Every structure is written in C-alpha cells, then in structure tokens.
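Please read the structure below before turning to the comments.
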Amino acid sequence: MSEELRSQKHYGALALLPLVIFLVLYVGVGLYFTMQGADDAFSKLPRHVAIFIAIVIAWIAYDRKTPVSQKIKIFTENAGSSGIAQLGLILLLAGAFASAASAMGGQEAMVNMGLSVIPPNLLIPGIFVMSAFVATALGTSTGTQAAFIPIGVAVAQAADLNVAAAAAAVIAGAYFGDNLSIISDTTIAATTGVGAKMKDKFKANFYIALPAAIITFVIYAFIGGTGKIEEDLPYHFVDVLPYLFVLVAAIAGMNVMLVLISGILLTGIIGMLRGNISFFDWTSKIGEGMEGTFMIFLIAFLVSGLVALIRYYGGIDWIIQTMKKRANGTKSAEYSMSFLSAILSAALVHNVLAIIISAPIAKEIGNTYKIAPKRMASLLDIFAASALMVLPHDSGMLMAEQFGNVSYLEVLQYSYYPLILVLCTIISIHLGVFRKSKDTPSQ
C-alpha cells in the first residue's frame with residue numbers, strides 16, 4: 001500500500017478496534033470453554049474465523065462513504081503482497097522438509113544420537129543441549145517437545161533424576177533451538193515481516209541466546225545429579241545428514257528456498273537408498289507437511305490484510321506518534337516492540353501469530369528509529385518465545401505434566417532459561433552492545 005494512501009479521517013486508537021475484537025473473541029471464547037472443561041477449547045472459535053470477523057468489521061465500520069470494494073482492494077493488495085507470498089512458499093517448503101525428514105528416520109536418529117553421547121554426570125544439561133540441537137535442525141519447538149519430552153522424562157525416571165528439571169530442560173532447549181533455526185516458522189515470520197536476512201537474524205539471536213544457554217547449562221550441571229542410560233539407542237549418522245545440510249547451507253548464506261528444496265530431495269534420496277521410505281510414501285509426507293503449515297500461511301494472509309486496513313485508518317500512525325511522545329530513543333522503541341510481541345504471544349499462546357501481528361508495527365517503529373531489521377527480528381522472536389516458556393497452558397508444559405506426572409509449578413521452578421534469556425536481552429537493549437553505530441540513531 002502506498003504510504004500516501006490513508007483514510008481522509010484519522011481514527012487514531014479507534015482504528016485498532018478490529019485487532020482488539022479479534023483478540024477478545026479468540027482468547028475470551030477459548031478461556032470460557034476452558035473453564036467449562038471442554039476439549040480443544042480454543043478450537044471452538046478458530047483463529048482464522050476470529051480474524052475474519054475482525055476484517056469484516058474493519059470493512060464496514062469505518063469510512064462508510066468509501067466503497068467497500070476499495071477497502072477490500074486495500075486488504076487484498078497487502079494480504080497478497082510479495083512478502084506474504086514468499087512467507088507462504090518458505091512455510092510450505094519448511095513443512096515439507098520437516099515431514100519428509102521425520103518419515104525417513106531422521107528425527108529419531110537425531111534424538112538417539114544425542115542421547116547416546118551424553119555423559120552420565122551431565123544428563124540434565126545434556127538433555128537441554130540435545131533438545132536445542134534437535135530443535136535447531138527440525139525448526140520447530142513444538143515438534144521437538146513432542147519427540148523429546150517423553151524420552152527426556154523416561155531417561156530422568158530411569159536414572160532416578162529430577163523429572164521436572166528434565167522436562168524444563170527439554171522445553172528450554174526446544175525454544176533455544178527454535179529461535180536459532182533457519183527453517184523455524186518463527187524465524188521465517190520475523191525475518192520476512194521486517195525485511196531481515198535469515199543468516200543475519202541468526203547471528204543477532206546467537207549473540208544473545210548463547211550466553212543465556214551457557215548459564216542455563218551450568219545451572220543444570222550443578223543441580224542435575226548423575227544418572228545413566230541403560231537402553232541401547234541405535235542410529236545411523238547418514239539419517240541426520242539432511243538436517244545438517246540445511247543448517248550449514250542456510251548459515252552459509254544459500255537461498256533458503258534452495259536450501260529447503262535441496263534438503264527435501266536429500267531426504268528422499270537417503271530414505272529410499274536405505275529402504276526407509278518408498279517414493280510415493282515420500283511424496284505423500286511432503287504433501288502432509290505442506291498441509292500442516294498451510295494454516296500458518298492463511299493466518300499470515302488474513303492478518304497482513306487486517307493490519308493494512310488498520311494502517312489505512314491511522315492506527316499504526318497513532319501507535320508511532322504515541323511512542324514518540326513517550327520514547328526517548330532507540331532503547332524505548334526496542335522495549336516497546338519486544339513487549340508487544342511478548343504480550344501478544346502470551347495472549348494468543350502462539351508465538352508465530354504474535355510475530356505476524358507485531359512485525360509490521362515493529363517495522364514502522366524500527367524505520368522511525370533506524371533499528372536494524374536483524375535486530376527487530378531477533379527481539380520479536382526472543383520475547384514471543386520467552387512468554388510461551390512460562391505459560392501453564394503452552395504445549396510444552398502440558399506435555400511435561402502428562403508424561404512426567406509433575407505439576408506446572410514443579411516445572412516452572414526449573415525454568416531458568418526464559419528468565420536468563422530475557423535478562424540478557426534487556427541488557428543488550430539497555431547497553432546497545434550488539435548494535436553497530438550505523439544502526440543506532442543519534443539520541
């Protein structure tokens with residue numbers, strides 16, 4: 001949408017009402033059915049339905065003299081923009097790769113390889129490291145937790161170690177790896193949303209998350225105790241090669257779409273040569289993976305159009321002007337976009353959706369205060385993930401309770417990583433230690 005294209009009437013804060021209605025409808029209905037004890041409470045009013053209700057309100061409740069067809073044109077031009085199309089393609093390829101790699105035995109090999117090399121006196125911190133490695137390769141915190149929490153809990157129980165600490169270690173490692181992964185949906189949403197390069201965002205996250213991870217590892221090493229893994233965990237190194245290729249190629253700067261296409265082809269070649277999967281099973285899994293990520297693309301499509309309408313009515317300008325009155329420079333701007341991402345992530349229990357909503361707002365703020373795109377992407381990703389790591393109803397916590405027979409509070413007391421990560425990020429914001437001079441405007 002052209003920057004000059006704005007509604008003749010500036011609605012200010014009122015322009016944000018459709019977004020508020022979406023949040024209230026989705027979260028409110030979900031919480032109501034949760035209290036009623038319903039299964040899949042948040043699916044009673046799905047996210048995309050709640051978003052579409054907000055979109056319709058944005059079409060009909062503002063600028064009534066303007067034809068609805070013009071408002072729909074504004075919506076479609078932005079919802080179907082090049083950036084959103086690119087996001088969709090990358091998401092589809094990432095889902096295809098993850099599904100194909102898992103089907104050919106790569107995911108199980110990754111987990112078994114890690115557990116086979118963990119020293120007995122470092123089981124809890126080793127579980128943290130292995131969870132991080134797997135999540136970086138798989139590109140999904142939820143998938144890593146689903147694969148690794150039952151194993152981590154079983155290892156802790158067999159070795160007579162603290163089960164709650166083991167579960168917390170898996171959750172922490174999963175989000176650490178997800179933040180760094182080139183093929184993670186959060187990384188894809190954050191980088192495409194603010195116009196950052198994936199390898200640059202990786203480096204920006206790495207410098208903040210690595211110190212937090214090292215401190216967390218040391219703490220787990222002190223409290224973890226000593227145990228042993230009696231079960232033999234067979235694996236073939238060749239099965240993990242697709243993950244390693246994707247990780248190395250993406251960090252090296254290869255185009256992410258070519259990386260993912262090459263990775264998908266590699267899963268098929270290795271899987272069929274080893275007899276782990278047939279050609280049509282492989283293509284079927286590619287399709288399933290694409291279907292699994294299509295909903296994220298749909299939500300991104302709808303939210304992008306909604307945010308464009310909010311911008312057209314003056315809502316984004318109102319946010320920026322309000323910030324200018326309160327802010328005193330880059331630091332305040334970075335804090336604002338960070339906490340916006342965290343609040344939305346906690347409210348929606350979905351870090352990708354939080355980033356999709358936050359990114360265009362963060363980009364406007366970042367352009368105003370000359371914040372580097374890689375920095376914006378890093379902050380959005382870190383704070384969205386940190387919020388989820390401490391929620392009682394996030395998938396990781398729920399799986400920990402289910403498989404480990406431990407309470408939320410028991411796991412929470414060992415959840416060191418989100419707190420340390422946020423503190424490290426706040427220090428980086430306050431001191432500006434990771435900014436180049438050209439990225440920082442004069443105060």
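Bear in mind that the values here come from a model prediction, so they are computed numbers and not experimental data.
- You'll find the side chain of I429 reaches within 4.5 Å of the side chain of R375, heavy atoms only.
- Here the straight-line distance linking atom CG of L180 with atom OG1 of T187 works out to 7.5 Å at 0.5 Å rounding.
- Residues L380 and S338 fail the side-chain proximity criterion, which asks for heavy atoms closer than 4.5 Å.
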Can you list the steps and then say if I361 with M337 is a side chain to side chain contact (heavy atoms under 4.5 Å, CB included)? CA-CA 8 Å; I361 300 173; M337 65 178 68; over 6 Å; no
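- In this structure the side chain of F383 never reaches within 4.5 angstrom of the side chain of L340, judged on heavy atoms.
- Side-chain atoms of F202 and K197, non-hydrogen and from C-beta on, never get closer than 4.5 Å to each other.
- Taking the six-membered ring for Trp and thresholds of 30 and 60 degrees, F297 and F301 have ring planes more than 60 degrees apart, a perpendicular arrangement.
- Looking only at side-chain heavy atoms (C-beta outward), M257 and L89 come within less than 4.5 Å of each other.
- A donor-acceptor distance shorter than 3.5 angstrom exists from the side chain of S304 to the backbone of N78, with no hydrogens or angles considered.
- Of all heavy-atom pairs between A362 and M376, the closest is O-SD, 3.2 Å.
- Y175 and A385 make their closest contact through CD2-CB, 3.8 Å (heavy atoms, listed as atom of the first residue, atom of the second, distance).
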For a side chain to side chain contact (heavy atoms under 4.5 Å, CB included) check, start with the C-alpha distance between L31 and Y26, then their side-chain angles and the critical distance, and finish with the verdict. CA-CA 9 Å; L31 290 176; Y26 175 67; over 6 Å; no
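- Ring geometry, F176 versus F128: the interplanar angle falls from 30° to 60°, so the pair is classed tilted.
- A donor-acceptor pair under 3.5 Å is formed between the side chain of K201 and the backbone N or O of N179.
- No salt bridge links K331 with E334; every basic N to acidic carboxylate O contact stays at or beyond 4.0 Å.
- Taken from CG in N351 to CG in L388, the straight-line distance is 4.5 Å, to the nearest 0.5 Å.
- Heavy-atom minimum distance, V240 versus G106: CG1-O, 4.3 Å.
- The distance from the OG1 atom of T267 to the CE atom of M272 is 7.5 Å, given to the nearest 0.5 Å.
- Under a 3.5 Å cut-off, the side chain of S181 and the backbone N or O of G177 do not form any donor-acceptor pair.
- Using a 4.5 Å heavy-atom threshold, the side chains of I124 and F222 count as separate.
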Go through K374 and N205 one step at a time and tell me if the side chain to side chain contact (heavy atoms under 4.5 Å, CB included) criterion holds. CA-CA 9 Å; K374 63 182 180 182; N205 264 43; over 6 Å; no
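- Between the side chain of S184 and the backbone N or O of D178, at least one donor-acceptor pair lies under 3.5 Å.
- At most 12 heavy atoms of other shown residues, nucleotides or ligands fall within 6.0 angstrom of atom CG in N405.
- Taking CD1 from I355 and OG from S345, the interatomic distance works out to 7.5 Å, rounded to the nearest 0.5 Å.
- No donor-acceptor distance shorter than 3.5 angstrom exists from the side chain of S43 to the backbone of P46, with no hydrogens or angles considered.
- Side-chain contact between M397 and S415 is present, with heavy atoms from C-beta onward closer than 4.5 Å.
- Open room surrounds CZ on F206; 12 or fewer heavy atoms of other groups in view lie less than 6.0 Å from it.
- The two residues I356 and P360 make their nearest non-hydrogen contact at O-CD, 3.2 Å.
- For K285, the NZ atom counts as loosely surrounded, since its 6.0 Å shell holds 12 or fewer non-hydrogen atoms of other residues, nucleotides or ligands.
- Looking at every heavy atom in both residues, A15 comes nearest to Y313 through CB-CB, 3.7 Å.
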Run the side chain to side chain donor-acceptor pair (under 3.5 Å) test on T330 and K370 for me, step by step, so that the C-alpha distance in whole Å, both residues' side-chain angles and the decisive distance to 0.1 Å come before the verdict. CA-CA 8 Å; T330 306; K370 298 181 174 63; over 6 Å; no
For the pair I208 and S378, evaluate side chain to side chain contact (heavy atoms under 4.5 Å, CB included) and give the outcome as yes or no after the intermediate values. CA-CA 9 Å; I208 298 172; S378 175; 4.2 Å; yes
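- Between the side chain of S99 and the main chain of G95, no donor-acceptor pair closer than 3.5 Å is present.
- With N276 contributing its side chain and M104 its backbone, the two residues share a donor-acceptor pair below 3.5 Å.
- To the nearest 0.5 Å, atoms CZ (F133) and CE (M130) are separated by 6.0 Å.
- Put simply, CG on L244 and CG on D239 are 11.0 Å apart, with the number rounded to the nearest 0.5 Å.
- I420 is linked by a side-chain contact (heavy atoms from CB on, under 4.5 Å) to A212, I215, T216, I219, Y416, C424, counting only residues two or more places apart in sequence or in another chain.
- Residues V411 and A168 approach most closely at O-CB, 3.8 Å, considering heavy atoms.
- Side-chain contact between P18 and L306 is present, with at least one heavy-atom pair separated by less than 4.5 Å.
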